[in-house]
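Counting convention: from 1, in listed order, for ligands and their atoms alike. FYI, the numbering just counts along the sequence from 1.
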Amino acid sequence: MKESLSGGLVEMYSPQKKDFVSLTVREQHNRGYTNGKHRRQSCWRKWKQLSRLQRSLILFLLAFLFICGILSYSSLTEQWRGISDRSLKEDWDEVDNRGLRPIPPGLIPKLSAGVGVQDVQPDVMPELQKPSIPLLPKPPAMRKPPSKRGPPALQKRMNVSDWQLKDGEEGLIKTDEDGAKEAKTVISWRGAMIEAEQGTELQSTIQGKDATVVDAEEAADLKTGTLKPVDRVEAVQEAFRHAWKGYKAFAWGHDELKPLSKTHGEWFGLGLTLIDALDTMWILGLKDEFAEARKWVETELSFSKNVDVNLFESTIRILGGLLSTYHLSGDTLFLDKAKDIGFRLMPAFKTPSKIPYSDVNIGKGTAHPPRWTTDSTVAEVTSIQLEFRELSRLTQDPQYQNAVEEVTKQVHRLEGKRDGLVPMFINTNSGKFTRRGAFTLGARADSYYEYLLKQWLQGGKKETELLEDYIQAIEGVKKNLLKQTSTSKLTFVGELSNGRLNPKMDHLVCFLPGTLALGAHNGLPADHMELAIQLIETCHQMYVQMETGLSPEIAHFNLQNHNGRDIDVKPADRHNLLRPETVESLFYMYRFTKDSKYRDWGWEILQSFNKHTRVPSGGYTSIGNVRDPLNPAPRDKMESFFLSETLKYLFLLFSDDTELISLDKYVFNTEAHPLPIWPSAS
Ligand code: DMJ
């Protein structure tokens, strides 16, 4: 139907006459053909005809429905978590002495009889089962599993009065006299639920020197360079034990520790922190802790649960954690569990485009996008490849590798990139990028770049398309996103939004110096290393320029010298979630340059964590304000990546055993779980 230019006559198709006829508005109305405009006019007339009481009643009802909508929105945001937000013999001897026996990287320990994909509840997802196709030559024999121990008596709950610091307790976070109130969860971000308003409830106070792990004497040693690396290694072990103490006492078997309220937070209900921390305990040589965690995995961990999990987060944390622990320990318990979760995640790939959905119900075998969109996040669908490829290699079942490599292929071919930089969203129906025009190396795109390089390394530097995409992307970063502050000429990676550069950088971007250095170590252009050196300096400054010595979540860089500062922090960005990216990059930088300043920078960060985030009764907490050392506004949450990544990278940074997890033999996934570089097929 199209409207005529004159006199309200409209040309319409008449089914009776099988031709177009001209009708007046009234005629259309009589025939029930009136268009939207006329319907709107008649609605308005009807509205005017209603009594004042009737109109008030309708308006009241509409307002009521609107308020209900707003209230249900906050519960919707709670589910927004997925959006949001890497020749051994002698080297391993030391580890063996501690009783932990790693398998040389790249080898596939022999699978125990009767263990395989077919063991995974065939009734749940039968359509996904396929015959095994050998991918690699026969694996060598497996090692003996470590000794088993009984789990501790756990799950202790305390009431609010217990939150308060008691005299003599170690640590620096102290709750205020009124205790803490229940905090409202309002935002979620790449695996980190941000709990608002807690900082105002929970006061923190600097205690005396006895409360700190790092005291003034040690600080002096650090300045004079007399602190031995071994002391730093021990300090990380001590920090881990302290974190574990809190998790064990108040959150055992649950996803996350809430150290101030001495309870736990649940996300997937799968013991996320415990699984994420397994290989860290192995690497740090924490034998007893590892044994009791293993026992929990053996006796308590079940993926047969009616629960929605985020594909990306459960892949990098659970699948990645189980695979790396299997490789380090040779214990097939972890491989069996890895197969189970890997198989249960596969329904995510059953989409019209084969670009996976963000969420999977691992009990029902169903998958879906978030409620509000059919888009997935680009970083999420492109940062599961290391894990699924390794699962295929270990199981000799190609379905996992095929599914993730299909995504890689599609993204490789897609239009909408800018000099190799990718947008942040991809549609699961069309398989195309959506909401184009915004480019970042931060949240929603970050690990796309990381996994291009690391897959190329994992596969033995043969998959040249991955390398080409990576090199092109780094050129894209240089051309479009790099800028310097006017005050100290700090180089940072900004964000591009519809052609305009926004001079802000997420702390997440601090993975980049480490990745660039890893590329340069593997023969990529030398200017990648130069850029890495500049960027790690900037990430370091994001810590040292803050009053707590801890970086904010997002930094805004000054391009004009209006206040003499390089970095501004907006009130909404002042939090620190115990994130790992800077210490991750420091680890790579030290391994490749042996410049001790990178160790010193990492040491300063550990001290700042101990000073401002350590909770006396056990655990560390994210904080709400890195600019206020007197009240850093503790948020009562220890993210699983603090144990999985932050403490692991700090340990490896300080360890003199630079072949411990050699970067020529392992690639770390984006949750710091080392996976072997594949041995060549020959
Ligand atoms: C981790 O889960 C991973 O490193 C991920 O790639 C990004 N976010 C967190 C840590 O900050």
Side-chain angles (χ1 to χ4, degrees), residues 80-86 187-194 255-256 265 267-268 270 272-273 275-277 279-280 309-321 324 358 377-387 422 424 440-455 505-515 518 539 542-543 550-555 573 575-588 605 609 613 620 622-623 626 635 637-650 652 667-675:
W80 203 348
R81 316 192 105 206
I83 294 182
S84 57
D85 191 120
R86 325 232 183 284
I187 308 163
S188 67
W189 186 259
R190 286 296 303 276
M193 291 299 283
I194 294 169
D255 284 343
E256 285 150 345
W267 184 3
F268 306 145
L270 297 172
L272 204 58
T273 294
I275 299 175
D276 227 1
D279 60 3
T280 305
V309 302
N310 175 279
L311 171 70
F312 165 75
E313 298 290 357
S314 49
T315 298
I316 65 168
R317 300 185 197 216
I318 299 176
L319 179 57
S324 69
S358 58
T377 297
V378 169
E380 293 196 357
V381 303
T382 57
S383 312
I384 49 180
Q385 279 68 7
L386 290 174
E387 299 83 356
V422 289
M424 293 185 276
T440 175
L441 265 275
R444 299 170 198 255
D446 48 0
S447 40
Y448 161 75
Y449 304 100
E450 179 187 349
Y451 269 39
L452 287 175
L453 178 74
K454 289 183 174 177
Q455 284 181 85
M505 185 168 115
D506 294 350
H507 182 270
L508 288 168
V509 181
C510 290
F511 82 93
L512 187 59
T515 300
L518 180 64
C539 293
M542 284 166 66
Y543 284 73
L550 292 171
S551 168
E553 177 74 359
I554 302 172
D573 306 332
H575 48 289
N576 180 296
L577 306 183
L578 313 171
R579 284 199 191 275
E581 289 76 18
T582 296
V583 294
E584 169 186 353
S585 283
L586 289 172
F587 156 67
Y588 284 100
I605 291 172
F609 278 134
T613 72
Y620 289 75
S622 51
I623 56 171
V626 296
R635 289 183 152 188
K637 179 159 171 169
M638 185 174 77
E639 300 284 345
S640 76
F641 51 68
F642 182 63
L643 299 190
S644 162
E645 300 196 65
T646 311
L647 293 180
K648 186 188 289 152
Y649 283 128
L650 281 168
L652 291 170
V667 276
F668 284 88
N669 86 341
T670 193
E671 188 76 2
H673 297 303
L675 298 172

* **Step-by-step side chain to side chain donor-acceptor pair (under 3.5 Å) determination, Glu450 to Thr670** => CA-CA 8 Å; Glu450 179 187 349; Thr670 193; 2.9 Å; yes

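- Heavy-atom separations between Arg317 and ligand 1 include at least one value shorter than 4.0 Å.
- For ligand 1, one of its N or O atoms has an N or O atom of Thr670 under 3.5 Å away.
- Residue-level proximity to ligand 1 for Glu581 is carried by the side chain, the only part with a heavy atom below 4.0 angstrom.
- Atoms of ligand 1 lying under 4.0 Å from at least one heavy atom of Glu671, given by number and element, are 1 (C), 2 (O), 3 (C).
- Between His507 and Tyr543, the ring planes are perpendicular. Angles over 60° get that label, and only those under 30° would be called parallel.
- Nearest heavy atoms, Phe312 versus Ile384: CA-CG2, 3.9 Å.
- For ligand 1 and Leu508, the ligand atoms under 4.0 Å from any heavy atom of the residue are 7 (C), 8 (N), 11 (O).
- Per-residue contacts place Pro580 under 4.0 angstrom from the following atoms of ligand 1 (heavy atoms of the residue considered): 10 (C), 11 (O).
- Residue Leu577 does not touch ligand 1, judged by heavy-atom distances below 4.0 Å.
- Under the side-chain contact (heavy atoms from CB on, under 4.5 Å) test applied with Glu671, the options Ser644, Pro580, Ser324, Ser447 reduce to a single match, Ser644.
- Neither the backbone nor the side chain of Ala379 has a heavy atom within less than 4.0 Å of ligand 1.
- Between Phe642 and Tyr620, the ring planes lie tilted relative to each other; the angle falls in the 30° to 60° range.
- Side chain of Asp573 to main chain of Ala555: no donor-acceptor pair is present (N/O by atom type, distance under 3.5 Å, no hydrogens or angles).
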* Intermediate values then yes/no, side chain to side chain donor-acceptor pair (under 3.5 Å), Tyr451 and Glu387 -> CA-CA 11 Å; Tyr451 269 39; Glu387 299 83 356; 2.6 Å; yes

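- Between Ser447 and ligand 1, no pair of N/O atoms sits closer than 3.5 Å.
- Counting heavy atoms only, Phe641 comes closest to atom 9 (C) of ligand 1 of the residues Phe511, Phe312, Tyr451, Phe641.
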